There are 2 protein chains.
Amino acid sequence: MTDNGNSERPTTRTGRSGRRKRGEGQHTAKERPSTIRDVAAKAGVSVATVSRTLAGNYPVSEEARTRVMAAVESLHYVINVHAKALSGRVAGPVALVIKDITGPSLAHVAAGVEQEAADRGRLSLVCATHDDPAREDALVQLMREQHAAAVLLVGSVVPDEAYKRRMIGYAQALDAAGSRLVLVGRPAPAPDMPVTVVDYDNRGGAFQAVSHLLVSGHRRVLFLGGEAGLSSGDERRAGYRDALRAHGAEHIEELDTTGTYTRASGYVRTRDALRAGLEFSAVFAASDMVALGALAAVREAGLDVPGEVSVVGFDDVPFATDLTPPLTTVRVPYEELGRTAVRLALGRADSPVGDDHVVLGTQLVIRQSVRRVNW
Amino acid sequence: MTDNGNSERPTTRTGRSGRRKRGEGQHTAKERPSTIRDVAAKAGVSVATVSRTLAGNYPVSEEARTRVMAAVESLHYVINVHAKALSGRVAGPVALVIKDITGPSLAHVAAGVEQEAADRGRLSLVCATHDDPAREDALVQLMREQHAAAVLLVGSVVPDEAYKRRMIGYAQALDAAGSRLVLVGRPAPAPDMPVTVVDYDNRGGAFQAVSHLLVSGHRRVLFLGGEAGLSSGDERRAGYRDALRAHGAEHIEELDTTGTYTRASGYVRTRDALRAGLEFSAVFAASDMVALGALAAVREAGLDVPGEVSVVGFDDVPFATDLTPPLTTVRVPYEELGRTAVRLALGRADSPVGDDHVVLGTQLVIRQSVRRVNW
DNA sequence: AGAACAGTGGTAAACGTTTGCCGTTCCCCC
DNA sequence: GGGGGAACGGCAAACGTTTACCACTGTTCT
């Protein structure tokens, strides 16, 4: 209970003038920031006039306006958003809930979100869950308290029953609070939910990538897939298999691997495949981080990329072009994803029934890590 | 007064069947979220009891508590932060004001800030200025309105008079509002200002990097410095010259270049130096992005790294280890920078006069882009 | 037995805005 | 010269909390 002295002054209703030297001045004067009343007093007008001058939505005489502005200036007055939010309307912030901001791709989503939100006069709140569902719960609750206009949940997940139940709960809770749940890069939990989904074409991207490898003459492609069950992982795997089928290439069980989206996992899986003597002339990594690991393992084995092994990644992280060789990969429009998410969530106030489900395209970016092979 | 037509329709008996084209009969009933009063009414107690039950700072009978909790549950009640902030105390958010979130290093600062803020129960607001001073002004003002507990300005600047004046203004304005200005990676505008500064050792890092090159036998080191006037750029340049002097190496004007911290700038400067026939056996790039450009230019000229040209960077971006060759560079503790900034800004409430100026160390990370040369 | 008191719970006054509802003025026009 | 407005400004009622005070119980001491 920090008893900050000056709240207990029940008798001084009008006591703004009582400039008692209450001597609590330890170090900083801890001056109460000035309120609209202080401004009104200084300008010699009523609070209503100050409010109206500042809002500019009501005629105020030139003279009153100048006096108010002068008072605002000299008192360094700033409005109190909390009070403003309590009465008039204040545009709620956009909340970005993310596993970890550090990931190169997630940072781009954040940039897109921030930009679009700022363009619409919204603030952006950023929170990390570190993959903890309990924290996610807490954050959604918190955002409801904050009157966030939209809550964006970003990043791939395992869409099991528990996940669906949680998302449905979030969707309804947020909808009831006048907010909107937006799932970015995650599947919708159920149809007809008050949810906006912004996803990208994992399957198509993987299809393009593997097709590129196949038409370049590769037949045996080591797939470094994501975790089984993970939405993006499964989609990319499906794209890989689609491509194999479409080009009449055999699906070889041992080459179709599963693991996390980490550099380490890519390294280990590639090294082990090499050690085990598995035959393959190309690697399709389900993420650029994984590709990084693969590149390291291949190189460590004394093999040249793309001379002896071709590599394709997924994500198009900013430095993909600076690797050696520059990495051919699938570009995911991360920034656009963030922007679209905000646009959709905030825009639906205007358009009655806008798109609630959008899938952005992905695109293969061909650089130099794939070599054409001839038989 | 959002009079959206159909809310005023007490007797819509027939209206339902008509399949109106207006299509907005959905679940968007726009229900006002429930307040503490609704909870009190439902639980059959007073608002005070509800508030006390939820706050848990006052004895409430077991029975009242259960009833309140049940009501909260069934109404999906969440507290309104604005109202709470207006009366009781609410911990203000931490604001991170940054040029652009996308930069690999800035994302790490953001992660550190978010983590430390979350640990202390604060929300993090992040905003991008895109290097626009006017926007920075606006954001500081906005953060004052938001009652941010701390405002972190991140990133190198040109510390001219205008900059100092602006920072002094911010510092005082924020201090008056009970907030705190924190400069991260930027110099203090003046002594004795209510500002917290968290910086890192640019000069020392550059000194280490160049010393490493010199003791490895290099005598002619091409320096790809930052823009003249930019605080971090000047410091790193000073470190470069310190090292030259300390090791008795000659300072060669043509090798001491200036430019932006971009890949393109690094590329162009290195290429031009090579074309001009400048002699150098090593490059010290003032940032890893610049190093990337240098690497590309060197390679393009058919030179081997580190065989013929050694390269050292600055920043230690996450993928530095994945370049070919893995880049020797100066590690900047970005995440720690963010954490420290928040810790200092928020912690000063406890300790009366904590450190207001901290400089974090930097450290050379030796990988494989430098080769020892013998004469 | 009466007082003092701990344990609860309710009342109502803040907190700083916005804005509906009324007064004033003052001007214009018939 | 009086009626009708427009232009402006003030009062006070929200907005949803927290919390200082007070009231009312039973207990537990004297």
Side-chain angles (χ1 to χ4, degrees), chain A residues 1-16 32-41 43-68 71-72 75 77-92 144-147 177-178, chain B residues 1-3 32-41 43-68 72 75 77-92 144-147 177-178:
Chain A
M1 247 25 30
T2 54
D3 178 346
N4 55 350
N6 75 354
S7 69
E8 40 192 80
R9 215 173 311 169
T11 52
T12 46
R13 296 283 278 105
T14 58
R16 295 254 173 254
R32 172 186 52 74
S34 44
T35 74
I36 197 173
R37 278 215 277 275
D38 302 330
V39 175
V45 297
S46 75
V47 294
T49 301
V50 176
S51 176
R52 286 166 178 151
T53 303
L54 263 22
N57 54 7
Y58 193 87
V60 171
S61 69
E62 196 45 43
E63 201 220 325
R65 162 167 288 112
T66 1
R67 292 234 301 282
V68 168
V72 164
L75 292 175
Y77 170 76
V78 277
I79 206 170
N80 179 329
V81 279
H82 297 306
K84 180 174 190 169
L86 246 202
S87 45
R89 195 139 307 266
V90 158
R144 217 141 70 83
E145 294 179 4
Q146 301 283 331
H147 291 196
Chain B
M1 283 304 102
T2 60
D3 95 352
R32 174 185 55 74
S34 44
T35 74
I36 197 173
R37 276 214 275 276
D38 302 330
V39 175
V45 298
S46 74
V47 293
T49 301
V50 176
S51 176
R52 286 166 178 151
T53 304
L54 264 20
N57 55 7
Y58 195 86
V60 170
S61 70
E62 196 46 42
E63 201 220 328
R65 161 169 286 110
T66 5
R67 292 233 302 282
V68 167
V72 164
L75 293 174
Y77 170 76
V78 278
I79 205 170
N80 179 329
V81 279
H82 297 306
K84 181 174 190 168
L86 246 201
S87 47
R89 199 140 305 265
V90 158
R144 219 140 69 82
E145 294 179 5
Q146 301 282 332
H147 291 199

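What you see is a predicted model, and the numbers here were worked out from it, not measured in a lab. Proteins come first, then strands; the chains are lettered A, B, ... in the order of their sequence lines, and each starts at number 1.
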**Study point:** 5' priority, DNA chain D, between B:S34 and A:P59 [closest heavy atom]
**Key:** A:P59
Check your understanding: Can you find a donor-acceptor N/O pair under 3.5 angstrom joining the side chain of B:R37 to the base of C:dG10?
Key -> no
**Study point:** Minimum side-chain heavy-atom gap B:S51-B:I36 below 4.5 Å
**Key:** yes
Exercise for review: Let me know the distance between CZ of A:R52 and P of C:dG16, rounded to the nearest Å.
Suggested key: 20 Å
**Study point:** D:dT18 OP1/OP2 closer than 4.0 Å to side-chain N/O of B:N57
**Key:** no
Review point. On a plain distance test, is the side chain of B:S87 in donor-acceptor contact with the base of D:dT17 below 3.5 Å?
Key: yes
Exercise for review: On DNA chain D, check which nucleotide each of A:Y58 and A:V47 is closest to and give me the residue with the more 5' one.
Suggested key: A:Y58
Check your understanding: Where the side chain of B:S46 is concerned, which of D:dG16, C:dT11, C:dT17 is the nearest nucleotide?
Key -> C:dT11
**Study point:** Donor-acceptor contact below 3.5 Å, side chain A:T49 vs main chain A:V45
**Key:** no
Exercise for review: Report the nucleotide, chosen from C:dT19, D:dG10, C:dG10, that has the shortest atom-to-atom distance to any side-chain atom of A:S51.
Suggested key: C:dT19
Review point. Relative to each other, are the rings of B:H82 and A:H82 parallel, tilted or perpendicular (30° and 60° limits)?
Key: tilted
Review point. Counting side-chain heavy atoms from CB outward, which of D:dC8, C:dT17, C:dG9 is closest to A:I36?
Key: C:dT17
Review point. Would you say the side-chain atoms of A:S34 pair up with the backbone N or O of A:L75, donor to acceptor, closer than 3.5 Å?
Key: yes
Check your understanding: What nucleotide, of D:dG16, C:dT18, C:dT11, holds the atom closest to the side chain of A:K84?
Key -> C:dT18
Review point. Heavy atoms under 4.0 Å, any strand shown: does B:S61 hit a base, just sugar-phosphate, or nothing?
Key: sugar-phosphate
Check your understanding: When all nucleic acid strands are considered with a 4.0 Å heavy-atom cut-off, which category describes B:V60: base, sugar-phosphate, or nothing?
Key -> sugar-phosphate
Practice item. Assign A:V45 to base, sugar-phosphate, or nothing according to its heavy-atom contacts below 4.0 angstrom with the strands shown. Key: sugar-phosphate
Review point. Reckon B:D38 touches a base, only the sugar-phosphate, or nothing at all at heavy-atom distances under 4.0 Å?
Key: nothing
Check your understanding: Heavy atoms, side chains only, cut-off 4.5 Å: are A:V50 and A:R37 in contact?
Key -> no
**Study point:** Listed nucleotide nearest any side-chain atom of B:A48, set C:dG16, C:dC21, C:dG10
**Key:** C:dG10
Review point. Looking for any heavy atom pair under 4.0 Å, which part of the strands does A:A85 touch: base, sugar-phosphate only, or nothing?
Key: nothing
